[in-house]
Protein chains: 2
Amino acid sequence: MEKIYQIGVEATLDVIGGKWKPLILCHLGKGPLRTGQLRRAIPQITQKVLTQQLRELEDDQIIDRHVFQQVPPKVVYQLTDYGKTLNQILVEMSIWGEQRIKRLQAAHPDEKIELLGDHQGYLEGH
Amino acid sequence: MEKIYQIGVEATLDVIGGKWKPLILCHLGKGPLRTGQLRRAIPQITQKVLTQQLRELEDDQIIDRHVFQQVPPKVVYQLTDYGKTLNQILVEMSIWGEQRIKRLQAAHPDEKIELLGDHQGYLEGH
DNA sequence: GTAAGTAGGTACTAAAAAGTGCCTATCCGA
DNA sequence: TCGGATAGGCACTTTTTAGTACCTACTTAC
């Protein structure tokens, strides 16, 4: 595996970029979750992509995967201490992003621009 | 144009994500640049992709495009005030990313993992 | 004994992002 | 008058990322 970065930001985007990772990290930021809980929290994601993203986050040591040896299987994911160091960045990206959405909505009142969910994102408890 | 976000972070990634935008923003963060200066600063990017990324940043009001009506043409790009509000986030992503690269290098001393350039990125002058 | 719930694998397809190659127009200097 | 420098357009291909559909194996409850 060969990784050559021009600037540090690229290495960070490597970890938190992609369509689903921010959302996964947001949910795990509130506490450990089982696979099924994550899947229900993010209904639009497919099992395949969820597993794939979780593997990548695990390889990057952002999250921990706990397998309970029992039947039916039980797997719990949670942020590692290293993963928690992303929190400040994610909170700030969240704040900036929410302001951008408001800006877009103000500039294009006729277009469909929305922020779903309870808007709490990373902004609670930090 | 329809944009539906689950959380704010996605809106931020919409703006700074992608393969070249962080690098473009890094260079423009040091001052206004002409198209050719940018292209020489980022030799691996092609003219087509550079133009395309600049257009998107312009549409997002992150940068300004000044056309000087003369021959040969002269076009200067620079961060808008709004664009400058991204700076703190970019600086933190830069710091986190540089630490991650060191971490990767320590964990995989046999693999090719590098941070090119003068490593100054966003870390100078902020 | 059959269905539901558990976590996940695999082959294939579709969509998004990035890259290639070649084109325009104008002026200046050699 | 020919080549280089300016900024960028357009058609097409490749690569990357995400999505679809269908499969395993085990246990409990009905």
Side-chain angles (χ1 to χ4, degrees), chain A residues 1-6 9-25 27-28 32-60 63-78, chain B residues 1-6 9-25 27-28 32-60 63-78:
Chain A
M1 186 188 15
E2 182 175 293
K3 287 177 186 292
I4 296 181
Y5 301 103
Q6 310 280 323
V9 182
E10 292 171 356
T12 304
L13 281 176
D14 237 25
V15 173
I16 64 170
K19 185 163 175 182
W20 299 106
K21 281 184 189 167
L23 201 46
I24 292 171
L25 292 174
H27 286 292
L28 289 180
L33 289 173
R34 297 185 55 176
T35 313
Q37 293 177 304
L38 268 173
R39 212 177 42 232
R40 281 187 293 276
I42 312 174
Q44 307 85 351
I45 201 173
T46 61
Q47 168 76 297
K48 184 210 135 188
V49 174
L50 175 60
T51 304
Q52 178 184 300
Q53 305 297 299
L54 289 170
R55 289 290 176 285
E56 290 178 15
L57 289 169
E58 194 194 351
D59 289 347
D60 288 338
I63 63 174
D64 235 18
R65 180 168 177 266
H66 273 260
V67 181
F68 292 77
Q69 255 320 133
Q70 63 184 54
V71 165
K74 176 177 174 182
V75 176
V76 171
Y77 294 94
Q78 61 185 318
Chain B
M1 185 188 20
E2 181 177 293
K3 285 176 187 291
I4 296 181
Y5 301 102
Q6 310 279 325
V9 182
E10 292 171 356
T12 304
L13 281 176
D14 237 25
V15 173
I16 63 169
K19 186 163 176 181
W20 299 106
K21 281 184 188 167
L23 202 46
I24 292 172
L25 291 174
H27 286 291
L28 289 179
L33 289 172
R34 297 184 57 176
T35 313
Q37 294 178 304
L38 267 173
R39 211 177 43 232
R40 280 186 293 276
I42 313 176
Q44 308 85 350
I45 200 173
T46 60
Q47 170 74 54
K48 183 209 135 189
V49 175
L50 175 60
T51 304
Q52 177 184 302
Q53 305 296 299
L54 288 170
R55 288 289 177 284
E56 290 178 15
L57 289 169
E58 193 193 353
D59 290 346
D60 288 338
I63 63 173
D64 236 18
R65 180 169 178 267
H66 273 258
V67 181
F68 293 76
Q69 256 320 135
Q70 63 185 52
V71 167
K74 176 177 173 181
V75 177
V76 172
Y77 294 95
Q78 61 186 317

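Sequence lines set the chain letters: A, B, ... in the order given, protein chains first and strands last, and positions in each chain run from 1.
- Contacts between residues 38-54 of chain B and DNA chain C, counted as heavy-atom distances below 4.0 Å, involve B:Thr46, B:Lys48, B:Val49, B:Gln53.
- Taking 4.0 angstrom as the limit, A:Thr35 places none of its side-chain polar atoms (N or O) nearer than this to OP1 or OP2 of C:dT6.
- Where B:Val75 and A:Glu56 meet DNA chain D, the nucleotide closest to each residue was compared, and B:Val75 sits on the side nearer the 5' end.
- Whole-Å rounding puts the A:Leu23 CG to D:dA18 P distance at 13 Å.
- At whole-Å resolution of the value, CZ in A:Arg55 and C1' in D:dA18 are 17 Å apart.
- Closest approach of B:Leu28 and B:Tyr77 over heavy atoms only: CD2-O, 3.5 Å.
- Regarding B:His66, its NE2 atom lies at a distance of 14 Å from the P atom of D:dG8, rounded to whole Å.
- Using a 4.5 Å heavy-atom threshold, the side chains of A:Leu25 and A:Leu57 count as touching.
- Rounded to an integer number of Å, the gap from A:Arg34 CZ to C:dT6 P is 7 Å.
- In this structure, A:Trp20 places its CH2 atom 10 Å from P of D:dA18, rounding to the nearest Å.
- Atom CD of A:Glu58 and atom CZ of A:Arg55 lie 6.0 Å apart (nearest 0.5 Å).
- Counting heavy atoms from C-beta outward, B:Leu50 and B:Ile24 have side chains that approach closer than 4.5 Å.
- Among the protein residues, A:Phe68 comes within range of no part of the nucleic acid, since none of its heavy atoms lies under 4.0 Å from any strand.
- Summarising the geometry, atom NZ belonging to A:Lys21 is positioned 9.5 Å from atom CG belonging to A:Leu54; distances are rounded to the nearest 0.5 Å.
- In this structure, B:Lys74 places its NZ atom 18 Å from P of C:dC27, rounding to the nearest Å.
- In plain terms, the two heavy atoms of B:Gln70 and B:Lys74 that are nearest each other are NE2-CB, 3.7 Å.
- When the C1' atom of D:dG8 is taken as reference, atom OH of B:Tyr77 falls 9 Å away, rounded to whole Å.
- Across every non-hydrogen atom of B:Ile16 and A:Leu13, the tightest pair is O-CD1, 3.9 Å.
- With rounding to whole Å, A:Ile24 atom CD1 is found 15 Å from D:dT17 atom P.
- Among the nucleotides D:dA7, C:dT6, C:dG8, the one closest to any side-chain atom of A:Pro72 is C:dT6.
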